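Below is one structure, written out as structure tokens; the observations come after it.
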Amino acid sequence: MQDDERDILGVMDSMDTAVSPLLSLQDLRKSYGAIEAARGVSFDIFPNEVVAMVGDNGAGKSTIVKMLSGVVKPDGGQLFWQGKPFHPSGPDAVRDAGIETMFQDLALVNDVDAPGNLFMGQEPMKRWLGFLPILDRKKMRLETERLLDQIKIKLQSVDRPVRLMSGGQRQAIAIARILLSAKAQLMIMDEPTAALGIQEQAKVLNVIRNLHAQGLSILVISHNLEHVFSIANRIVVVQGGRIAASVATDEVSQQDVVQLIMGGRLQ
Ligand SMILES: Nc1ncnc2c1ncn2[C@@H]1O[C@H](COP(=O)(O)OP(=O)(O)OP(=O)(O)O)[C@@H](O)[C@H]1O
Ligand SMILES: [Mg+2]
């Protein structure tokens, strides 16, 4: 076979296997009073892709996350999940579909321990004396330890209320909680490393790499471009409630991305 024939077949091959987006955002809009936090946001997240969303404070990143997670209803625009129109009624519907979100403010319950936080609202029950339903604490504890082990994070004790834990430990619990969902195909993380020490940041980045290796897609928001460049396949730049750019990580420099965040263009 001639080289050019092989080239043509190669192109046809890649056309055949063209993947469709896992999640597609089309022209999403959201205003808070006079503030237009999202002014027509469109981008795609593909299967097994790590997309980093970057942009200045107030650019609209968390607003986008809240619309994707069903916490905030868009004023306009469309979502498509696995190619079908998606109008989630709220956070539970989004979770049921296979999208898990870790919010910027972690939303753990302070006075409850790690297993209690992990299983909140989905506690395993067992029967006491054969009939009385009670919490299966042992199962919760073992499962918590297994999940924390899976993301290679050790807590001295899982029995302490989370208010006594460090930021990194709390983060670990929030991550373990999203791992509990066997259905998850897309994980959304709003600044998962922002409040952490260097070692803990490295662990969270490894968790993201592990999830990616397991075939999941991840949308992660970060102000740390080194982190972004070490984990993301693609970078989406948000500016003034719009998507200013979507670039493959290996085709740009950190300087290019800084430029885009500040409203410039690539040279
Ligand atoms: N609940 C709200 N009520 C009123 N205005 C809001 C609300 N949430 C966000 N905003 C405004 O919408 C805009 C976008 O905010 P958003 O939180 O999405 O930004 P962000 O990109 O996540 O910023 P940061 O990097 O600081 O987290 C800002 O001007 C913000 O003040
Ligand atoms: Mg934010």
Side-chain angles (χ1 to χ4, degrees), residues 48-52 65 68-69 71 91-92 94-126 134-222 224 226-228 230-232:
N48 200 206
E49 188 183 34
V50 180
V51 177
V65 166
L68 296 184
S69 59
V71 173
D92 289 345
V94 172
R95 219 174 287 132
D96 276 351
I99 303 174
E100 286 285 333
T101 310
M102 207 176 96
F103 294 98
Q104 196 163 10
D105 43 19
L106 289 175
L108 297 182
V109 178
N110 272 325
D111 291 326
V112 175
D113 63 10
N117 264 290
L118 254 157
F119 285 93
M120 192 141 300
Q122 45 185 338
E123 292 87 349
M125 306 299 278
K126 64 179 180 187
I134 57 165
L135 276 188
D136 192 345
R137 289 283 315 171
K138 187 169 164 211
K139 185 170 178 189
M140 286 166 66
R141 188 173 211 292
L142 287 175
E143 188 65 4
T144 302
E145 283 167 356
R146 185 186 69 77
L147 286 170
L148 289 172
D149 199 51
Q150 187 184 329
I151 55 178
K152 304 206 166 37
I153 288 179
K154 286 228 170 311
L155 296 183
Q156 284 131 335
S157 150
V158 297
D159 296 326
R160 300 188 316 156
V162 299
R163 90 184 117 80
L164 301 178
M165 295 184 178
S166 77
Q169 292 167 334
R170 295 167 60 96
Q171 202 87 35
I173 294 161
I175 291 173
R177 191 166 63 179
I178 59 179
L179 292 180
L180 250 188
S181 163
K183 275 197 270 188
Q185 297 181 59
L186 171 65
M187 300 265 184
I188 303 177
M189 300 176 162
D190 196 350
E191 304 206 28
T193 56
L196 303 184
I198 297 206
Q199 284 189 353
E200 290 158 336
Q201 290 178 4
K203 282 182 184 162
V204 170
L205 296 179
N206 269 331
V207 170
I208 294 174
R209 289 188 193 102
N210 284 339
L211 294 171
H212 185 214
Q214 287 168 31
L216 276 89
S217 295
I218 297 140
L219 175 66
V220 57
I221 295 178
S222 178
N224 186 318
E226 270 180 34
H227 291 175
V228 165
S230 80
I231 51 173

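Remember, it's a predicted structure, so these values are computed and weren't measured experimentally.
Under the side chain to side chain donor-acceptor pair (under 3.5 Å) criterion, His212 pairs with no residue at all, not counting sequence neighbours. Val207 meets the side-chain contact (heavy atoms from CB on, under 4.5 Å) test with Ile151, Ile175, Leu211; sequence neighbours excluded. Asp136 is linked by a side-chain contact (heavy atoms from CB on, under 4.5 Å) to Pro124, Lys126, Lys138, Lys139, counting only residues two or more places apart in sequence or in another chain. With sequence neighbours left out, Asn206 forms a side chain to side chain donor-acceptor pair (under 3.5 Å) with Arg209. For Ala232, the side-chain contact (heavy atoms from CB on, under 4.5 Å) partners two or more places apart in sequence, or in a different chain, are Val50, Ala52, Val228, Thr249. Listed by chain and number, the residues in a side-chain contact (heavy atoms from CB on, under 4.5 Å) with Arg160 are Ser157, Leu164, Met165, Gln169 (sequence neighbours excluded). Residues that satisfy the side chain to side chain donor-acceptor pair (under 3.5 Å) test with Asp149, not counting sequence neighbours, are absent from this structure. For the side chain to side chain donor-acceptor pair (under 3.5 Å) test, residues two or more places apart in sequence or in another chain that qualify with Arg163 are Asp111. In terms of the salt bridge (charged side-chain N to carboxylate O under 4.0 Å, His left out) criterion, residue partners of Glu143 (sequence neighbours excluded) are, by chain and number, Arg146. Among residues two or more places apart in sequence or in another chain, the salt bridge (charged side-chain N to carboxylate O under 4.0 Å, His left out) test is passed with Glu226 by none.
For the pair Ile218 and Ile231, the minimum side-chain heavy-atom distance is 4.5 Å or more. Using a 4.5 Å cut-off on side-chain heavy atoms (C-beta onward), Leu68 and Thr101 make no contact. Residues Arg137 and Asp113 meet the side-chain proximity criterion, which asks for heavy atoms closer than 4.5 Å.
Distance check: Lys203 NZ to Asn210 CG gives 13.0 Å after rounding to the nearest 0.5 Å. We find the CD-CG distance between Gln185 and Asn48 to be 11.0 Å, quoted to the nearest 0.5 Å. Once rounded to the nearest 0.5 Å, the distance linking CD1 of Ile188 with CE of Met102 reads 12.0 Å. The CE atom of Met187 lies 11.5 Å from the CD1 atom of Ile99; values are rounded to the nearest 0.5 Å. How far CD of Glu49 is from CG of Leu219: 9.5 Å, rounded to the nearest 0.5 Å.
When all heavy atoms of Pro115 and Met140 are compared, the closest pair comes out as O-CE, 3.5 Å. Of all heavy-atom pairs spanning Leu205 and Ser230, the tightest one is CD1-OG, 4.0 Å.
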